[in-house]
Structure formats: structure tokens, C-alpha cells
Amino acid sequence: MNGSTTHYGRVARYLHWGMAALFAWQFVSAGAHALLPDSALDEFFWPTHKLTGTLLMWLVIVRLAWALRERHRRPRSLNLAATLGHLALYALMIAVPAVALLRQYGSGRAFSPFGLPLMAGFEGEIQWMTSLGSLLHGLLGWTLLALVAGHVAMVFMHRRLGKQDVLVRMVGRRSLS
Ligand code: HEM
Ligand code: HEM
């Protein structure tokens with residue numbers, strides 16, 4: 001369950017890889033919507049965008065709480081850049097769905113993801129919420145994708161240069177050693 005100074009624990013690993021899969025799904029839905037509007041891909045993925053996004057919002061809260069709880073039982077960051085990179089990933093993992101949910105609330109429309117009545121809806125609109133969401137959600141979403149690309153590139157760069165195999169920390173004790 002818990003991590004150590006050499007490996008992330010099972011909870012952290014399941015959250016990391018489970019969320020990475022959901023993010024891949026989420027970016028396919030956003031990409032298809034932006035680049036191939038009304039295509040079969042867009043029609044298949046887009047109806048899942050708000051649901052997957054809301055699920056990711058809940059999961060990142062759990063992940064952050066877990067990371068704080070076991071902060072002294074995790075592998076140490078390689079350097080300052082890695083620490084800042086991971087912090088930026090967390091900040092965007094929270095901000096991207098948060099501004100979308102703020103916009104959803106401000107629109108006044110009821111929202112019941114997975115049948116759970118999250119937002120009851122109301123008459124009218126809260127303009128600053130919808131404007132903020134429309135201004136930032138897509139922009140920060142694509143910024144997150146760029147950061148993820150950099151994150152993955154750095155992992156494999158460290159592995160190839162043979163200096164530090166950080167992948168083994170996130171994959172588990174047996175798989176890569
Ligand atoms: C971490 C989760 C999420 C990611 C990574 C994400 C990513 C994105 C991206 C990159 C776009 C831009 C697509 C384009 O340029 O056309 C977008 C659009 C959109 N997203 Fe999300 N999204 C997430 C969560 C959510 C949530 C929770 C909601 C609503 C409850 C939502 C609703 C929308 C809507 C309505 C659009 C189209 C309008 C716009 O471009 O702002 N998203 N999303
Ligand atoms: C193929 C995709 C991915 C690979 C190979 C990968 C690999 C890794 C590895 C090896 C670590 C440990 C780094 C270290 O200890 O210094 C790590 C940590 C981390 N990764 Fe990824 N990652 C991927 C996708 C993602 C995605 C999509 C996100 C978020 C949007 C993400 C967010 C993080 C964060 C925040 C950490 C810090 C540990 C934590 O709190 O979970 N990763 N990743």
C-alpha cells in the first residue's frame with residue numbers, strides 16, 4: 001500500500017497509471033472535438049468528456065490527499081526541475097477540471113454526472129464563471145498535455161542516459177529490475 005524511498009506504493013501507482021489512462025481518453029475526446037468535429041470519433045468520445053473530466057477531478061483530490069499523507073514515504077525528487085514539474089502537473093490536474101466545473105455551475109444548467117445530482121441548476125447565468133471557464137479551460141487543458149509530453153520525455157531521457165531509472169519507481173518492485 002505505502003511507498004518507500006525507492007518505490008511508489010501500490011495506491012500511488014494505481015492512481016498514477018489509472019489516471020494516465022483516463023487522461024489519454026480525455027485528450028482523445030478533446031482532440032477529436034477540436035480537429036475532427038462531427039466525425040465518428042468525435043461522436044463516440046465527446047459525450048464522455050464531462051463525465052471522465054468529473055471523475056478525474058474526484059481522483060486528483062484523492063491522489064493529492066494520498067501524496068500529502070505519505071509525503072515522507074516516497075522516492076525523493078531527482079532535482080528541483082522534477083519537483084517543480086510534478087507540482088505544475090498537480091496544479092493543472094486540479095485547475096483544468098475545476099474551471100470547467102465552475103463554468104458548468106455558472107451556466108445555471110443542472111449537472112448529474114453518473115446520475116449523482118452534483119448541480120441542481122438555477123434560472124439565469126453567472127457571467128464571470130462562464131467567461132473564466134471559456135477563457136481558461138481549453139488553454140490550460142492543452143498546456144497540461146504539453147507538460148505531460150515533457151514529463152514522459154524526461155522519464156525516458158533519464159532512463160536512456162542510464163543515470164537514474166525513475167520508471168522502476170513507478171512500475172513496481174518486480175517488473176523492471
Ligand atoms: C482533467 C480533465 C479535463 C481535461 C484534460 C479537459 C481538456 C479539454 C480540452 C483540451 C479542451 C479544448 C478542446 C478544444 O480546443 O476544442 C476541452 C474542452 C471542453 N471541455 Fe474539457 N477537460 C477536462 C474536464 C472537463 C470537465 C470536468 C468538463 C465539464 C464538466 C469539461 C467540459 C468541456 C467543454 C464543454 C469543452 C468545450 C468548450 C471549451 O473548449 O472550453 N471538461 N477540454
Ligand atoms: C506514459 C505516460 C507516463 C509515464 C511513462 C509516466 C512516468 C512517471 C514516472 C516514472 C514517475 C516517477 C518520477 C519520479 O519519481 O521522479 C511519474 C511521476 C508522476 N507522474 Fe507520470 N507518467 C506518465 C503519465 C502521467 C500523466 C498523464 C500525468 C498527469 C497528468 C502524470 C503525473 C505524474 C505526477 C504528478 C508524478 C509525481 C508522483 C505522483 O504524485 O503521482 N504522469 N510518472
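Note that ligands are numbered from 1 as they come in the structure, with each ligand's atoms numbered from 1 the same way. One-based numbering along the sequence shown.
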**OP:** From atom 10 (C) of ligand 1, work out which of Trp142, Phe111, Phe23 has a heavy atom at the shortest distance.
**Re:** Trp142

Subject >> Nearest-neighbour protein heavy atom for atom 2 (C) of ligand 2, which is reported as residue plus atom name and distance >> reply: Val152 CG2, 3.5 Å

Original post:
For atom 29 (C) of ligand 2, what's the nearest protein heavy atom and its distance?
Top reply: Met93 SD, 3.7 Å

Original post:
What residue and heavy atom of the protein are closest to atom 12 (C) of ligand 2, and at what distance?
Top reply: Tyr8 CE1, 3.6 Å

**OP:** May I ask you to list the atoms of ligand 2 that are less than 4.0 angstrom from any heavy atom of Tyr90?
**Re:** 35 (C), 39 (C), 40 (O), 41 (O)

Subject >> Geometric cation-pi criterion, Arg73 with Tyr8: 6.0 Å, 45° >> reply: no

Original post:
Which atoms of ligand 2 are found less than 4.0 Å from any heavy atom of Leu89?
Top reply: 32 (C), 33 (C)

Original post:
Is at least one protein non-hydrogen atom found at under 4.0 angstrom from atom 22 (N) of ligand 1?
Top reply: yes

Subject >> Steps toward ring-ring contact (aromatic ring centres under 6.0 Å, His included) verdict (Phe122, Tyr105) >> reply: CA-CA 9 Å; Phe122 53 84; Tyr105 180 79; 5.5 Å; yes

Original post:
Any non-hydrogen atom of Pro97 lying under 4.0 Å from ligand 1?
Top reply: yes

Subject >> Close approach of Trp25 to ligand 1, heavy atoms, under 4.0 angstrom >> reply: no

Original post:
Identify the closest protein heavy atom to atom 28 (C) of ligand 2: which residue and atom is it, and at what distance?
Top reply: Val148 CG2, 4.3 Å

Original post:
To the nearest 0.1 Å, how far is atom 5 (C) of ligand 2 from its closest protein heavy atom, and which atom is that?
Top reply: Trp17 CH2, 3.6 Å

**OP:** Considering non-hydrogen atoms only, spot the tightest contact between Met57 and Ala98 and give its length.
**Re:** SD-N, 3.7 Å

Original post:
Touching ligand 1 at all, Arg103? Heavy atoms, strictly under 4.0 Å?
Top reply: yes

**OP:** Indicate whether the side chain of Glu125 and that of Ser107 have a donor and an acceptor atom separated by less than 3.5 Å.
**Re:** no

**OP:** Report, in ascending order of atom number, the atoms of ligand 2 lying under 4.0 Å from any heavy atom of Val155.
**Re:** 7 (C), 8 (C), 9 (C), 10 (C)

Original post:
Should you measure from each heavy atom of Val166, which atoms of ligand 2 turn up under 4.0 Å away?
Top reply: 10 (C), 16 (O)

Subject >> Atom indices of ligand 2 within 4.0 angstrom of Arg169 heavy atoms, with elements >> reply: 14 (C), 15 (O), 16 (O)

Original post:
For ligand 1, is Met57 a contact, meaning one of its heavy atoms is under 4.0 Å away?
Top reply: no

Original post:
Quick one: nearest non-hydrogen protein atom to atom 9 (C) of ligand 1, plus distance?
Top reply: Ala30 CB, 3.5 Å

Original post:
Where does the angle between the aromatic ring planes of His86 and His151 fall among parallel (under 30°), tilted (30 to 60°) and perpendicular (over 60°)?
Top reply: perpendicular

**OP:** List the closest protein heavy-atom neighbour of atom 34 (C) of ligand 2: residue, atom name, distance to the nearest 0.1 Å.
**Re:** Arg63 NH2, 3.3 Å

Subject >> Within-shell test, Arg74 vs ligand 2, heavy atom, strictly < 4.0 Å >> reply: yes

**OP:** Taking atom 21 (Fe) of ligand 2 as the vertex, measure the angle between atom NE2 in His151 and atom NE2 in His16; round to 10°.
**Re:** 180°

**OP:** Identify, by atom number and element, the atoms of ligand 2 in contact range of Leu167, meaning under 4.0 Å from any of its heavy atoms.
**Re:** 10 (C)

Original post:
Can you tell me the protein heavy atom closest to atom 16 (O) of ligand 1 and the distance?
Top reply: Ala34 CB, 3.5 Å

Original post:
Got the closest protein heavy atom to atom 36 (C) of ligand 2, with its distance?
Top reply: His86 CD2, 3.9 Å

